[in-house]
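Just so we're clear, the structure is a prediction, and the values are computed from it rather than from any experiment.
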Number of protein chains: 2
Amino acid sequence: MSTKDRILDASLQLFNEQGERKVTTNHIAAHLGISPGNLYYHFKNKQGIIFALFERYEARVLNILQVPTDRALQPLDKLNYLQGVFNGLWDYRFMHRDMEHLLLADAELHARYRDFFRLCLQRVEAIFTGLEKAGIIAASEEDIAGLALNTWIVVTSWFSFLRCNLLNDEADAISPELLQGGIYQVFALERPYLTAEYQDVMNELQRRYMPRPAWLASR
Amino acid sequence: MSTKDRILDASLQLFNEQGERKVTTNHIAAHLGISPGNLYYHFKNKQGIIFALFERYEARVLNILQVPTDRALQPLDKLNYLQGVFNGLWDYRFMHRDMEHLLLADAELHARYRDFFRLCLQRVEAIFTGLEKAGIIAASEEDIAGLALNTWIVVTSWFSFLRCNLLNDEADAISPELLQGGIYQVFALERPYLTAEYQDVMNELQRRYMPRPAWLASR
DNA sequence: AATCTTTTAGAGTAAACACTCTAGACATAA
DNA sequence: TTATGTCTAGAGTGTTTACTCTAAAAGATT
């Protein structure tokens, strides 16, 4: 593997584990056993590393959010979208943790991210429209627009929500188990729009992700 | 006004304008025309200032989120809750901008914030329960729990969402006009649960906060 | 006046960190 | 061998920033 890719992989790992802010470029180099000079030979600056990681993340998410053109959407499609997106979110979880800071520090990334957001929003609206056409939900265009935006907000804020409100110490206590609560919450957004025909099957899917009663209790 | 209060007011202003990260303690002192030593006489450290500001914020929000015991909830109550909360959010907007960082840096604040969150969530659930008892919405307990949590997430993430996805440059372009979109979004969460009797009046309220078509367009 | 407490000034410091610079190793081709 | 372009090492630097320390001014009390 090229040094450039090794730098990206190590950066992603360290950023996810400790947060972008706490990981210095010297730290990344030391972790790989290379010199800071070498790192800066391959990347113009720290933002360059982050930009490259964003490109990976973007490609991954856009690859997931596609509506099939040859068939109608099915209940399980919804689940696949959510699992795919949440897995991507997990693998690049450092990103939404400090998005505002990252974007403020790099105007080019900011512009790119805005385009990414708009495209995602369109795709999510297309998915809800597909669910509507398949008779799974009943919702107006206005409903769908609101639903899509709220979905974006809940999905992109979920990890931040967990870290602020559920973790007790600095340990990486965010587990896949907690991730499930996010899927449940997104299902909850859509649930009141379900048609009578599909209520049972979708509720059954949602219930699989119901958080344990304990996850909100004080410990 | 005491020096202590002047420090808090100046800190709040500067934090809101520039973000907590960009405002140094020397900066705050210079802005007030006092010495750094003086600032540290009144506050143990920068986190002490933030903690005191959080106490103000917490008191303000909890004062708003109360369910009247002597009467049933009315449609306008919902609006008042939202306006009150969003105004508080605006006045302390630096806080949710960097909440994860603030909490990670101060375990005492983190514990306090978790308690605050839990209390808020209970209060929001109580409000939805009140709306249900008043016949304004029809929702199960499980619906209400999901609704309350999604409401919390959308409300606390709204400014961050705006800064990431709508601002073009570093100028303070977040206006009260954009704030309205947040109120609209929270209404959208609740809308599918409205009873037939109240749909018209609530939709009318929500429509006042409908964002202009332009606010999502590219510029 | 004298003493004690509270408040303020302001120079200074230690640590952190993104990034630079020079020089040398290594590979490839003429 | 020599020349050329690519990659790497590692010491070092300039800046930023939260916070300290000493001493003095201001205020209160007897």
Side-chain angles (χ1 to χ4, degrees), chain A residues 1-54 94-95 97-98 100-110 170, chain B residues 1-54 94-95 97-98 100-110 170:
Chain A
M1 186 160 42
S2 71
T3 303
K4 194 161 185 171
D5 285 333
R6 288 175 60 227
I7 292 171
L8 286 178
D9 289 347
S11 299
L12 179 60
Q13 182 197 332
L14 295 173
F15 287 164
N16 279 339
E17 287 172 2
Q18 305 174 37
E20 180 268 341
R21 229 188 282 215
K22 281 195 175 175
V23 177
T24 74
T25 50
N26 287 346
H27 190 161
I28 297 166
H31 183 260
L32 284 169
I34 66 173
S35 63
N38 195 359
L39 187 148
Y40 278 89
Y41 174 77
H42 290 284
F43 291 93
K44 190 181 155 200
N45 50 31
K46 196 180 181 187
Q47 293 162 24
I49 299 175
I50 292 161
F51 194 92
L53 288 173
F54 176 76
F94 86 91
M95 205 148 243
R97 181 171 181 174
D98 234 346
E100 272 192 67
H101 170 66
L102 301 179
L103 298 183
L104 206 63
D106 185 345
E108 198 182 340
L109 182 63
H110 199 159
E170 295 185 29
Chain B
M1 187 160 41
S2 73
T3 303
K4 193 161 186 170
D5 285 334
R6 287 174 61 226
I7 292 172
L8 286 178
D9 288 348
S11 299
L12 179 59
Q13 182 196 334
L14 294 174
F15 287 163
N16 279 339
E17 284 171 2
Q18 304 173 37
E20 180 268 340
R21 229 190 280 218
K22 282 195 173 176
V23 177
T24 73
T25 50
N26 287 345
H27 191 161
I28 296 166
H31 183 260
L32 285 170
I34 67 173
S35 64
N38 194 359
L39 187 148
Y40 278 89
Y41 173 76
H42 290 284
F43 291 94
K44 188 181 157 201
N45 50 29
K46 196 181 180 186
Q47 294 162 24
I49 298 175
I50 293 162
F51 194 93
L53 288 173
F54 176 76
F94 85 91
M95 207 149 241
R97 182 172 180 173
D98 235 345
E100 271 192 66
H101 170 67
L102 301 179
L103 298 184
L104 206 63
D106 184 346
E108 197 182 342
L109 181 63
H110 199 161
E170 296 186 29

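Distance B:Leu39 CG to C:dT7 P: 14 Å, rounded to the nearest Å. Counting to the nearest Å, the P atom of C:dT20 and the CZ atom of A:Phe43 are 15 Å from each other. Nucleotide D:dA9 holds its P atom 15 Å from the CD1 atom of A:Ile28, rounded to whole Å. Put simply, CD on A:Gln47 is 7 Å from P on C:dC19, counting in whole angstrom units. Atom pair B:Asn45:CG and D:dC19:P shows a separation of 5 Å (rounding to whole Å applied). As rounded to whole Å, 15 Å separates atom P of C:dT20 from atom NZ of A:Lys46. Taking atom OH of A:Tyr40 as the reference point, atom P of D:dT13 lies 17 Å away to the nearest angstrom. As rounded to whole Å, 14 Å separates atom P of C:dA18 from atom NZ of A:Lys22.
The side chain of A:Thr25 places no N or O atom within less than 4.0 Å of a non-bridging phosphate oxygen (OP1 or OP2) of C:dC19.
Residues A:Gln13 and A:His31 meet the side-chain proximity criterion, which asks for heavy atoms closer than 4.5 Å. A 4.5 Å side-chain heavy-atom check between B:Leu53 and B:Phe94 finds at least one atom pair inside the cut-off.
Side chain of B:Gln47 to main chain of B:Ala105: a donor-acceptor pair is present (N/O by atom type, distance under 3.5 Å, no hydrogens or angles). Between the side chain of A:Asp106 and the backbone N or O of A:Leu109, at least one donor-acceptor pair lies under 3.5 Å.
Residues that satisfy the side-chain hydrogen bond (donor to acceptor under 3.5 Å, both in side chains) test with A:Glu100, not counting sequence neighbours, are B:Arg97, B:Ser160, B:Arg163.
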Footprint string (nucleotides 8-16 of chain C, 5' to 3'): B base within contact, S backbone only, - free, heavy atoms under 4.0 Å: BBB------

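In this structure, CE on A:Met1 lies 7.0 Å from CZ on A:Arg6, to the nearest 0.5 angstrom.
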